[in-house]
> 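Let me begin by handing over the structure; questions about it come next.
Computation of the quantities below employed the complete heavy-atom set of this structure, encompassing side-chain atoms and omitting hydrogens, waters and symmetry-equivalent molecules. All residue numbers refer to positions in the sequence shown, counting from 1.
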Amino acid sequence: MDFLQTLNPAQQEAVTTTTGPVLVLAGAGSGKTRVITYRIAYLVEECGVRPDNILAVTFTNKAAAEMKERVNHLIPPDRRRGELFVSTFHSFCVRVLRRHLDRFGGSYTRDFTIYDTDEQGKVVKSCMKDLHIDDKTFPPRTIQFGISGAKNRGFAPEDLLQTSDVKRATTARVFKLYEERMAAANALDFDDLLLKTVRLLKGFPDIADYYNNRFTHILIDEYQDTNPPQFNLIRLLTQNHKNLCVVGDPDQSIYKFRAADIQNILDFEKHYPGAKTVVLDENYRSTKTILDSANSVIKNNKQRREKDLVTSNARGEKVRLFVAEAAEEESDFVVREVKRWQMGKTLPEAQAAVLYRTNAQSRLFEEACRRHNLQYVLVGGFSFYQRAEIKDVIAYLKLAMNLNDDMAFERVVNTPPRGIGKTTLDLLAERAKNAGLSRWEALGQIIEEKTVNQRTWNALSGFEGLVKAIAGNVGTLSLALLLKHVIKHSGYEKMLRDENTEEAESRLLNLEELVTAAVEAEERGEGLRDFIDHAALVADTDALKQDAPLTLMTIHSAKGLEFPLVFVVGMEEGLFPHSRSADDSAELEEERRLCYVALTRAKKQLYVTHSERRRVYGDEFATNPSRFLAELPAELVEECDSRAALRRRMAERTAPQSGGGASQNSGGGSRPFVGKREAFQQQRFGRPQPYVERASAAGDSGGMYKTGDKVRHEKYGAGLVVRRQDDKIEIAFPGYGIKKFIESAVKLEKLR
């Protein structure tokens with residue numbers, strides 16, 4: 001076939017090895033999608049395989065549609081005998097279950113309903129209510145998360161009952177009733193689609209044989225992201241033949257939180273003895289500098305297959321490092337650099353990206369874009385002020401400012417849940433409608449008349465007291481303290497902490513960022529009304545154009561994408577790598593893979609940035625640079641001019657650093673980064689914190705620490721005392737959360 005001449009030797013081998021198991025280790029930017037589509041075309045054109053005997057599976061509907069379109073461009077219409085089946089795992093399973101689910105008997109039929117996450121949550125809440133399980137002690141989201149986790153590990157409800165753990169036993173009780181309710185409703189959740197298909201193929205050999213014979217050649221994209229049920233499904237579909245080609249990259253396995261198991265790809269040759277392994281290590285995307293930098297970082301991982309990306313592309317510009325004194329300076333620098341690249345017309349518009357570890361980091365960059373009149377697209381989440389938790393907390397402030405704001409009232413009256421149900425809300429609405437009152441006024445009447453039961457009256461009265469307390473603090477407390485009061489006393493903080501899920505943690509980070517935004521608003525001289533108006537205007541802006549010159553997204557959202565100009569921001573310990581990886585080597589390796597993904601999104605120019613101090617929950621803390629920065633080759637990095645760099649150079653004049661001589665300035669507002677990696681680590685990790693004065697009684701662990709004191713811990717760095725009782729002390733550390741200590745036993749350094 002003529003198109004084979006456009007492939008390199010490794011790609012040709014991956015395309016033309018059509019029998020038996022094949023593992024294609026495809027590095028970033030190495031043309032894996034081309035290999036998959038060309039392999040399908042080769043099977044049809046050269047091997048005579050019917051398209052409807054080929055199954056190609058990927059992880060998104062968009063990727064599946066694009067793959068099918070590319071294959072159709074390669075195969076002439078007259079050669080397409082039968083329909084090529086390209087789909088996601090879940091779409092494939094729906095197709096199987098629509099034909100065979102009734103084989104299980106019972107109440108399940110082929111006309112089953114698929115419940116989304118919200119509908120699944122409602123069933124969980126209903127089960128908990130009927131089992132008389134307190135949703136404050138056991139948050140429904142936590143139970144829902146536990147049920148999903150149990151399913152994906154292959155556990156039945158009875159398996160969870162064999163424990164003395166109350167939370168696990170409670171989850172098992174809900175799980176059992178949940179399964180009964182789902183069956184009675186003839187409904188499946190997303191986990192069920194995979195699990196019941198696996199069970200179907202295991203339990204009914206004739207069905208397994210049918211699909212083994214139907215799909216004689218199977219291709220799996222992004223194999224490093226498969227979870228245990230998907231792995232089992234693939235094994236069952238290939239048990240009669242081994243014509244399986246999986247494509248993936250262990251170095252880009254970043255979805256452990258979704259139950260992805262990196263061992264699926266690392267152990268492929270063990271699962272399929274005699275498998276052919278083809279390595280695609282030629283990158284067509286990035287410059288040599290970017291690839292060498294990414295290779296230098298990822299080689300520090302142990303759970304990987306040795307593979308160094310190479311390219312025939314140019315060496316390219318050095319990686320540019322920017323060290324900001326504060327997070328606001330970091331976001332301003334990034335936006336100014338994007339505009340500078342635009343004005344220079346060096347790179348095409350709409351091709352710059354800012355990549356960050358958590359969604360909460362978007363706020364500063366969004367606001368910097370608005371200040372500099374730069375259009376942007378936000379990917380992977382709502383705009384900061386459109387997120388539910390932000391709108392909820394601001395709604396409390398709006399209601400406190402205007403008690404007749406019915407929209408704000410309806411949003412927060414039972415958020416977080418406080419026992420004010422639909423019946424009561426309907427009663428309030430009817431009273432307000434009939435008497436021409438606001439919801440707040442109707443609330444007051446019902447409380448005064450005591451026309452509801454005692455439990456409901458207590459809930460209504462408690463809400464009224466909460467709003468009055470917030471209103472009483474308007475003008476008395478600072479914006480930041482007022483927000484903290486709302487977050488704490490509304491029960492919002494407790495609700496999210498009790499959920500104890502990754503989503504809840506992300507929402508807490510967003511609320512902390514809102515407090516930081518309030519501090520900055522006050523520094524600009526804004527009051528509460530200004531702050532609320534700002535949030536409303538941001539939320540009401542028109543949809544951003546898709547051809548905006550800048551894209552803001554998390555690194556997870558950026559996987560599979562590429563941009564000429566990339567900024568990887570917030571590279572600080574506790575933020576990236578995330579604090580959860582501090583004591584877990586496997587988590588740390590996942591964070592390093594995430595860094596590798598971020599670096600390899602860049603085609604022409606890569607920036608890495610961090611801030612020397614960052615506000616967390618309204619208070620400012622020192623930060624330590626990410627260890628991943630120290631893993632970059634020093635000779636490939638140049639530091640951009642900044643106040644932090646200038647201060648450091650002035651210090652170096654009085655106390656010269658060893659380990660490297662100066663080289664010529666390359667211009668463009670940057671200075672060469674000189675010295676070996678050890679010097680880099682010493683400079684970045686071992687630097688003093690010039691903006692924090694140390695108390696003279698450093699290391700005095702016998703002293704008394706009060707709420708509000710700033711301290712330093714040898715492991716977690718600078719922190720803020722948020723609570724103390726007797727000899728117990730709680731300290732908030734940026735990136736690590738709140739840690740509890742015995743005051744007399746912990747060694748702390750008191751800071752001023």
Side-chain angles (χ1 to χ4, degrees), residues 106-108 112-151 155-161 163-192 388-389 392 409-430 439 443 446-447 450-464 466 490-501 503-504 507:
S107 57
Y108 278 114
F112 61 87
T113 300
I114 301 173
Y115 277 6
D116 63 20
T117 303
D118 289 339
E119 291 165 329
Q120 180 187 4
K122 290 177 182 177
V123 177
V124 169
K125 290 179 182 178
S126 172
C127 293
M128 292 178 65
K129 181 180 179 181
D130 290 350
L131 292 170
H132 306 292
I133 295 172
D134 182 17
D135 61 5
K136 293 181 175 59
T137 305
F138 301 98
R141 278 184 175 271
T142 302
I143 299 295
Q144 184 176 345
F145 184 78
I147 291 173
S148 179
K151 284 185 173 185
F155 294 156
E158 50 270 21
D159 296 323
L160 300 185
L161 286 171
T163 178
S164 58
D165 183 272
V166 176
K167 178 181 175 182
R168 195 173 183 187
T170 303
T171 300
R173 291 174 58 208
V174 179
F175 188 5
K176 184 176 185 298
L177 184 56
Y178 172 85
E179 291 288 88
E180 293 172 0
R181 293 276 170 87
M182 293 291 285
N186 192 28
L188 302 179
D189 60 33
F190 290 133
D191 294 323
D192 289 330
E389 58 274 14
D392 289 343
F409 180 96
E410 291 179 1
R411 187 171 187 97
V412 300
V413 64
N414 199 43
T415 304
R418 50 176 58 91
I420 302 175
K422 184 178 183 301
T423 301
T424 306
L425 293 176
D426 289 344
L427 177 65
L428 281 167
E430 189 68 20
R439 296 289 198 278
L443 174 81
I446 290 174
I447 290 174
K450 295 189 175 181
T451 54
V452 293
N453 61 49
Q454 189 64 42
R455 181 179 177 182
T456 301
W457 187 89
N458 289 340
L460 293 173
S461 182
F463 175 69
E464 182 186 54
L466 169 65
S490 67
Y492 219 113
E493 181 181 16
K494 183 178 185 300
M495 174 186 73
L496 294 178
R497 293 199 185 284
D498 287 347
E499 268 186 32
N500 195 31
T501 64
E503 179 187 357
R507 297 178 73 194

> Is it the case that over 12 heavy atoms from other parts of the model lie below 6.0 angstrom from the CZ atom of Phe463?
yes
> Thr142 side chain to Asp498 main-chain N or O, any donor-acceptor pair under 3.5 Å?
yes
> Under a 4.5 Å cut-off applied to non-hydrogen side-chain atoms, are Lys151 and Glu179 in contact?
yes
> For the atom pair CE (Met128) and OG1 (Thr170), what is the distance rounded to the nearest 0.5 Å?
8.5 Å
> For Asp135 and Lys129: C-alpha separation, side-chain torsions, deciding distance, then whether salt bridge (Lys or Arg N to Asp or Glu O under 4.0 Å) applies.
CA-CA 8 Å; Asp135 61 5; Lys129 181 180 179 181; over 6 Å; no
> Could you state the interatomic distance from CG (Leu177) to CG (Leu131), rounded to the nearest 0.5 Å?
5.0 Å
> Have Ser148 and Asp191 got a donor and an acceptor in their side chains that come within less than 3.5 Å?
yes
> Identify each donor-acceptor pair in which a side-chain atom of residues 415-423 lies under 3.5 Å from a protein atom, sequence neighbours left out, and give them as a table.
unit_1: Thr415; atom_1: OG1; unit_2: Arg411; atom_2: O; d: 2.9
unit_1: Arg418; atom_1: NH1; unit_2: Tyr396; atom_2: OH; d: 3.4
unit_1: Arg418; atom_1: NH1; unit_2: Val412; atom_2: O; d: 2.8
unit_1: Arg418; atom_1: NH1; unit_2: Val413; atom_2: O; d: 2.9
unit_1: Arg418; atom_1: NH2; unit_2: Tyr396; atom_2: OH; d: 2.9
unit_1: Arg418; atom_1: NH2; unit_2: Ser490; atom_2: O; d: 3.3
unit_1: Lys422; atom_1: NZ; unit_2: Asp426; atom_2: OD2; d: 2.9

> So do Phe138 and Val166 actually touch side chain to side chain, heavy atoms under 4.5 Å?
yes
> Taking salt bridge (charged side-chain N to carboxylate O under 4.0 Å, His left out) as the test, write out the residues that go with Glu410, two or more places apart.
Arg439
> Let's go through Thr451 and Trp457 carefully: what are the C-alpha distance in whole Å and the side-chain angles of both, what is the deciding distance for side chain to side chain contact (heavy atoms under 4.5 Å, CB included) to 0.1 Å, and is it a yes or a no?
CA-CA 8 Å; Thr451 54; Trp457 187 89; over 6 Å; no
> Nearest 0.5 Å, what's the CZ-CD distance between Arg507 and Glu499?
6.5 Å
> With a 4.5 Å heavy-atom cut-off, do Asp192 and Phe112 have their side chains touching?
no
> Going by side-chain hydrogen bond (donor to acceptor under 3.5 Å, both in side chains), name the residues that satisfy it together with Asp130, two or more places apart in sequence or in a different chain.
Arg181
> Quick one: do Lys167 and Asn500 satisfy side chain to side chain contact (heavy atoms under 4.5 Å, CB included)? Show the steps, please.
CA-CA 12 Å; Lys167 178 181 175 182; Asn500 195 31; 4.2 Å; yes
> OG1 of Thr424 to CG of Asn414: how many Å apart, nearest 0.5 Å?
9.0 Å
> With a 3.5 Å distance limit and no angle check, can you tell me whether Asn458 reaches the backbone of Arg455 through a side-chain donor-acceptor pair?
no
> Does Glu389 use its side chain to pair, donor to acceptor, with the backbone of Tyr492 at less than 3.5 Å?
no
> Is there side-chain contact between Phe175 and Ile143, with heavy atoms separated by less than 4.5 Å?
no
> What are the two closest heavy atoms between Ala156 and Asp159, and how far apart are they?
N-OD2, 2.7 Å
> Would you say that Tyr108 contacts Leu188 through its side chain, given a criterion of any heavy-atom pair below 4.5 Å between the two side chains?
yes
> How long is the straight-line distance from CD1 of Ile446 back to CG of Leu460, given to the nearest 0.5 Å?
7.0 Å
> To the closest 0.5 Å, what do you measure between CE (Met182) and CD (Gln120)?
6.5 Å
